[in-house]
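Step one of this worksheet: look at the structure below.
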Amino acid sequence: MFTVNLAIMIPFIAALIIPLVHKKVSRSYIGWVVFIVPAALFVYLASFIPSMAEGNTIVHTWNWIPSIGINFTSYLDGLSMIFGLLITGVGALVVIYSIYYLDHDEMLYHFYVYLLIFMGGMLGVVFSDNIMVLYLFWEMTSISSFLLIAFWYHRKQSRYGAQKSFLITVGGGFAMLAGFIMLYVMTGTFSIREIIASVDDISAHALFIPAMALVLLGAFTKSAQFPFHIWLPDAMEAPTPVSAYLHSATMVKAGIYLVARFTPVFGGGEIWFWIITGVGFITMIWASFNAIRQTDLKALLAYSTVSQLGLIMSLFGMGSAALYFGYSAESVVYTQATFAALFHLVNHSTFKGALFMVIGIVDHEVGTRDIRRLGGLISFMPISFTITLIGSFSMAGVPLFNGFLSKEMFLTAVLNISKLNIFSLENIGAMLPVIAWVASVFTFVYSMIIVFKTFFGKYKEEKLEHQADEPKMGMLIPPIILAVLVVVIFFFPNILGNYVLSPAMSSIYPGFGPNVDLGVEIEQWHGFNTELWMTIGIIITGIVLYLLLKYWKGIFRLFPRRFSFNRLYDNALLFIENRTTNITNMYMTGYLRDYLTYIFLFFIGAAGITLIYTGAFTFDVSNDVPVSMFELIMVVIMLGAGISILFVKSRLAAVLLYGVLGFAIAVFFVIFRAPDLALTQLVVETITTVLFLACFYFLPEWKKEEHDGRTKMTNIIISVGTGLVFILIALGVQHGQLFESISRYFEDAYELAGGMNIVNAILGDFRAFDTMLEVFVLVIAGMGVFSLIKLKSRKGGRKIEDQ
Amino acid sequence: MNNLVILPVLIPFFTGALLILFSKKQRIQKIISSISSFVILAVAIYLAVYVYQNGITVLEVGDWPAPFGIVLVADMFANIMVILSAIVGVVCLFFTFQTISPKREKYYFYPFYFFLLTGVNGAFLTGDLFNLFVFFEVMLIASYVLIVHGGTKYQLRESFKYVIINVFSSMLFLVAVAYIYSITGTLNMAHLSERVAELEQAGALNVVAVLFFIVFAIKGALFPLYFWLPRSYYGPPAAIAALFGGLLTKVGVYAIIRTFTLIFYHDAGFTHKGIITAIAGFTMLLGVLGAVSQFNFKRILSYHIISQVGYMVMGLGVYTTLAVAGAIYYIVHHIIVKSALFLFAGATEKITGTNDLKQMGGLLKTHPYLAWMFFITALSLAGIPPLSGFFSKFPIILSSFQEEQYVIGGVALLVGLLTLLSMMKIFSYVFWGKQKHTEEQAKYPAGKLLLPIVPLVALTIILGLAAEPIFSYSLMAAEQIMDPTHYIDSVLKE
């Protein structure tokens, strides 16, 4: 059966097939083959629109790892539908565009594989009900974005941008993962629907706020919210189709999707409201302000995207206020904010997609996108100019374009919220319309920059790499389609509103019941209200500011790049690199002595502390057998021999002293009536001593090592400490006979194994396996020594493989 | 009783012995060793199936009854380890065929290789503490020889440190065995478990537990005992580095998990959640910091071993069934991925002649298969889904959150990010950027080098996409070792 699960898989399957067949398909067709995937999926998803409009949802589960509750459940509802249509729709257009944009001698199939992986990942993010699966796809979009940004990987800036975006988004992803795990700890499920259902039980849980913060961290990094927005401008190193697709229309909206999806879980409280609204507003104004200073058109668009994302984000924040009231006539005023968010989300994808594509065309045709080198292109590229005009004016919120409608709704929402008396809004609520208005003015100014600096003014042919000209028609078709949509949506917004946006509202407000219509009738004209006056103000102020731009541009010098978040990121990376090197070099000195010092100190510390902590060092000697004179003498001899080893000057003497220790142990065995052991010990000791003597004969003189006082002191402390710990433990483990030792069994060696000597019976029969293996160790050692002597690289230490 | 249990030890033992006879005939060596490595794998899988169906299987060596004689015990945990050692054994062997010099082959390289596997498999399967010591010795002596095999100046210098530190740990091992014998009067691990339980792990037993921990922590390269690792793994040929990096340190981890679930589990609040968790955190963190600081392919990987070992031990430290299952899954994942990565480093070195990241570039264009296989494996190491790395970290972190140990869980996530940073550094330097190798090097056919690694990359994908079977196996294995009565009953037949 064809399910949404399969739909998510299709791009991945296609991505697997392409490397296998790319050599057989002509390079000019490969893009068209890829195009089929998003186009077909778009049609497939669109076929569900009527059903969704009736409020249906479709759930389908493939079992994956049921033992930890991770199953691949797809969930198609109004909210995921919007995103699904954007992903496949814009995806299809971008693929067409890329066919003409990329040269045929580039690694085309790599590009399409990345793109398909992204597409599948993005579909997975929006259609997954299981948050772990969502996370999986989330990371997949980060990875494909990483690869796409660095598509031209020979450029240093591309690699830098790729790494930056990857670290920030994956870092946020890890935070989000932690948040998801906390949600699981609280609710015992990974299913979003089940989590939403159990929301009342968890809102007082201690992990509720941390989980919220962590999930938001994931959303903010992905959607380039302040201060994580810094990755997006650097991501513009990617080929333009990628910027249009991932970095404006889809991937950067994953964070917004997440916020929308989790509004029923976390929304309704003050913290959620303020974090999202606040971050949204700051992002919006800061990015729109910064967009004006950009000279690279793509960077300008990147900042503009950041600002627009902030706008949408803040709308979702404001919309969450409705949850505070529950379903009532009053709260519907605030759900309109959410509706506006969804509306602007779609609008932004249309106009920004068109703008990116046109800027890409300009770059492609004249070889630059620096506004200082551009100008006067209108007579050479009239179609491109028209698209730019439509896109920019829509972004600026000018009537006749869809951006105007959603912008008006945004202003309405802000005005409504500012009148609220909850969440401490009574104090700062009045600030919100001001911020929104100022940000909109900036937006207007940079929109004008895009149009006028590029297409008007003087044509500077000498600064361009190619003569300006319209591109191939195929490259123009995708932006034209988007531009047409911009206008069509303005005139017929309610088709979109009723069939696509309204169903999503019940996904965000599931608690309001299934049959509640939260849709909004969108009107082009609603009289001369405050919003309209604000818009008129924006346009007039914007025009004035644009004309006077060169007089106030100096203001940007107040924000030196030295203190930017970009610099912070760079310094942090540098810091990590230097610091880790310092830390690592500090202890990895390369000297065995240091390593052993650490190891022994740890041994003394760990064993010693445990000894004290568990009280094991209390031992009782009163029940022990009294020490006889003879034993005492042996101990003194052994101590003497041991200490003397440190002071003797030749190896020979040292070996002999070791021998004394060994033989003394044998004597102890005799005293304690273990003749079998004593015999064995004597034999072993004799052999080793003789062997040592034989070997040492060939070694050079023993050179005394010279150490300074400090080193000697450390050595003394460590050796005394180590010895002490060993002795204390040895005394501690002497509890008397708590258990019967298994060695009693071996005392019947004669009956069991026919051995007269217990040691021999143990070595040769009971535990012969050990003995065999120990002999084996000797064999290996012998062979090892042999090969070490024979197989030596010559002087200079060249590797054997090189010879 | 079943002689099947000893086969994973005996086959490499006799193979190694046989290969000594053919040390000058490289073709015969290759034929014998490849056949044998596959036989070991087949036996390991057969044994696993057998144990899966019939429960824990025990062999009393020489027919001396437990707890007096030596027992070999195959439970689910030991079995998966034996399978992994067999897999890595096959892969590294075939990679060796492609890369090793004939000179090394003539001087018993293959016998040592199989002796090492003998020791490793024995350490997994033994049920006797002293026998474990002996198998450690077999493994270590073979590793000493392999790590210095070839005798370059660098190898000699760094191997010396490796040997000295390991000799100390062996000595400590022996002393610890003596201490515990002195308290409990037994060496059989099942029997030990019973007697330690009777004493409720009081007093000096805790100290002995710490001693064992130190011993195995030195082998397993835990903080602050891992100093021998980064440099000594740099010297030997790639196949050996891969075998060591993948398998050898994990024997130490295995021994820690075994002893601290079977014997020393009574004071989990102090030993597990206290000491072990803290050490796991430092191991993870300092290991990854070391990796981030390096600009050398193999060195980065070496430091990552340390950091990854931290995760496994963290699973033990959190000490729930899920966490231990995660630790087992992690070991499986790590052995596969880490061996593969070392082999990639070897392949890259073979092509470019260097390990220095700054002297490489643009390999994506000339060796795309190498690039993508590395990329997948690197992501897996960093714990990106849907690869095996994610499903091994995930249960551990989940359990730490469930047990309200947020700090260690947070550290684990942070370490994941830093791991990613350093792996992306490798990818960015080696495979992206401008080509720095010569045209001749660019034409180097890497296919033969990569072929042995393919199974490992396939495994890391399969272990992710089809995680359910191995994960439920890990869960079952974890349940088995979390309840020592299974083990005790099988061995002592009470």
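All values below come from the heavy atoms of this structure, side chains included, with hydrogens, waters and symmetry mates left out. All chains are named by letter (A, B, ...) in the order of the sequence lines, taking the proteins before the strands, and each is independently numbered beginning at 1.
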Using non-hydrogen atoms only, which part of I609(A) is less than 4.5 Å away from chain B: side chain, backbone, both, or neither? neither
Which bit of P19(A) is near chain B, if near means a heavy-atom gap under 4.5 Å: side chain, backbone, both or neither? neither
Among the listed options I397(B), I214(B), T118(B), T271(B), the residue most often paired with chain A at heavy-atom distances under 4.5 Å: I214(B)
Looking at chain A, which one of V208(B), L414(B), L465(B), V288(B) has the largest number of heavy-atom pairs inside 4.5 Å, strictly under? L465(B)
Of all of A382(B), G416(B), G409(B), which one pairs up most often with chain A through heavy atoms under 4.5 Å apart? G416(B)
Out of G171(A), A730(A), A606(A), return the one with the most heavy atom pairs under 4.5 angstrom to chain B. A730(A)
Residue F295(B) versus chain A: region with a heavy atom under 4.5 Å: side chain
Do the ring centers of W64(A) and F391(B) come within less than 6.0 Å of each other? yes
Answer with side chain, backbone, both or neither: which region of M140(A) has an atom nearer than 4.5 Å to a non-hydrogen atom of chain B? side chain
Output for pair (M176(A) CE, L413(B) CG), nearest 0.5 Å, gives 12.0 Å
Do you know which of F746(A), F786(A), Y595(A), F166(A) has the most heavy-atom pairs under 4.5 Å to chain B? Y595(A)
How many angstroms lie between atom OG1 of T722(A) and atom CG of L172(B), to the nearest 0.5 angstrom? 10.0 Å
Say whether S741(A) and Y181(B), considering side chains only, have a donor N or O and an acceptor N or O under 3.5 Å apart. yes
Is the Y587(A) ring parallel, tilted or perpendicular to the Y226(B) ring (thresholds 30°, 60°)? perpendicular
Under a 3.5 Å distance rule, please check whether Y179(B) uses its side chain to pair with a backbone N or O of F726(A) as donor and acceptor. yes
So what's closer than 4.5 Å to chain B heavy atoms on I599(A): side chain, backbone, both or neither? both
Tell me, with the steps shown, if F600(A) and F168(B) meet ring pair (Phe, Tyr, Trp, His ring centres under 6.0 Å). CA-CA 10 Å; F600(A) 278 116; F168(B) 166 70; 4.5 Å; yes
The interface call for Q294(B) against chain A, heavy-atom contacts under 4.5 Å, is side chain
Looking only at the aromatic ring of each residue, does the gap between the centers of F190(A) and F394(B) stay below 6.0 angstrom? yes
Toward chain A, the part of Q155(B) with a non-hydrogen atom under 4.5 Å: neither
Contact origin within Y184(A) toward chain B - heavy atom pairs under 4.5 Å: side chain
So that I know where these two stand, are F180(A) and F401(B) an aromatic pair - ring centroids less than 6.0 Å apart? no
Closest-packed option against chain B by number of heavy-atom pairs under 4.5 Å, given L592(A), N582(A), L601(A): L592(A)
Got a second to check how far M182(A)'s CE is from Q402(B)'s CD, nearest 0.5 Å? 12.0 Å
For E774(A), which atoms come within 4.5 Å of any heavy atom of chain B: side chain, backbone, both, or neither? both
Among the options S142(A), A162(A), G590(A), pick out the one with the most heavy-atom pairs lying under 4.5 Å from chain B. G590(A)
Taking C-beta and beyond as the side chain, do M772(A) and V61(B) meet within less than 4.5 Å on heavy atoms? no
Heavy-atom distances under 4.5 Å only: say whether N63(A) touches chain B with side chain, backbone, both or neither. neither
Is chain B contacted by the side chain of I583(A), its backbone, both, or neither, given a heavy-atom distance below 4.5 Å? side chain
F213(B) CZ to T610(A) OG1 distance, which is reported to the nearest 0.5 Å: 11.0 Å
Report yes if the distance between the aromatic ring centroids of F115(B) and F776(A) is under 6.0 Å, otherwise no. yes
Reported CZ-to-CG distance for the pair F390(B) and L177(A), which is rounded to 0.5 angstrom: 5.5 Å
Ring centres of W432(B) and F146(A) under 6.0 Å apart? yes
Where on I762(A) is there a heavy atom nearer than 4.5 Å to chain B: the side chain, the backbone, both, or neither? neither
Report the option among L475(B), V292(B), L140(B), I218(B) that has the most heavy-atom pairs separated by less than 4.5 Å from atoms of chain A. V292(B)
Look at W152(A), W138(A), Y598(A) and state which one has the largest set of heavy-atom pairs under 4.5 Å with chain B. Y598(A)
Side chain / backbone / both / neither for M586(A) at chain B, heavy atoms under 4.5 Å: neither
Shorter than 4.5 Å, heavy atoms on both sides: which option in V175(B), L322(B), L225(B), D267(B) has the most such pairs with chain A? L225(B)
A781(A) versus chain B, the contacting section by heavy-atom distance below 4.5 Å: both
Which one of V185(A), T581(A), L136(A) has the most heavy-atom pairs closer than 4.5 Å to chain B? L136(A)
Residue among S428(B), G62(B), G69(B) with most heavy-atom pairs under 4.5 Å to chain A: S428(B)
Could you look at I164(B) and say if it's the side chain, the backbone, both or neither that has a heavy atom under 4.5 Å from chain A? side chain
Euclidean distance, I729(A) CD1 relative to L211(B) CG, rounded to 0.5 Å: 4.5 Å
Segment of N188(B) engaging chain A (4.5 angstrom heavy-atom cut-off): neither
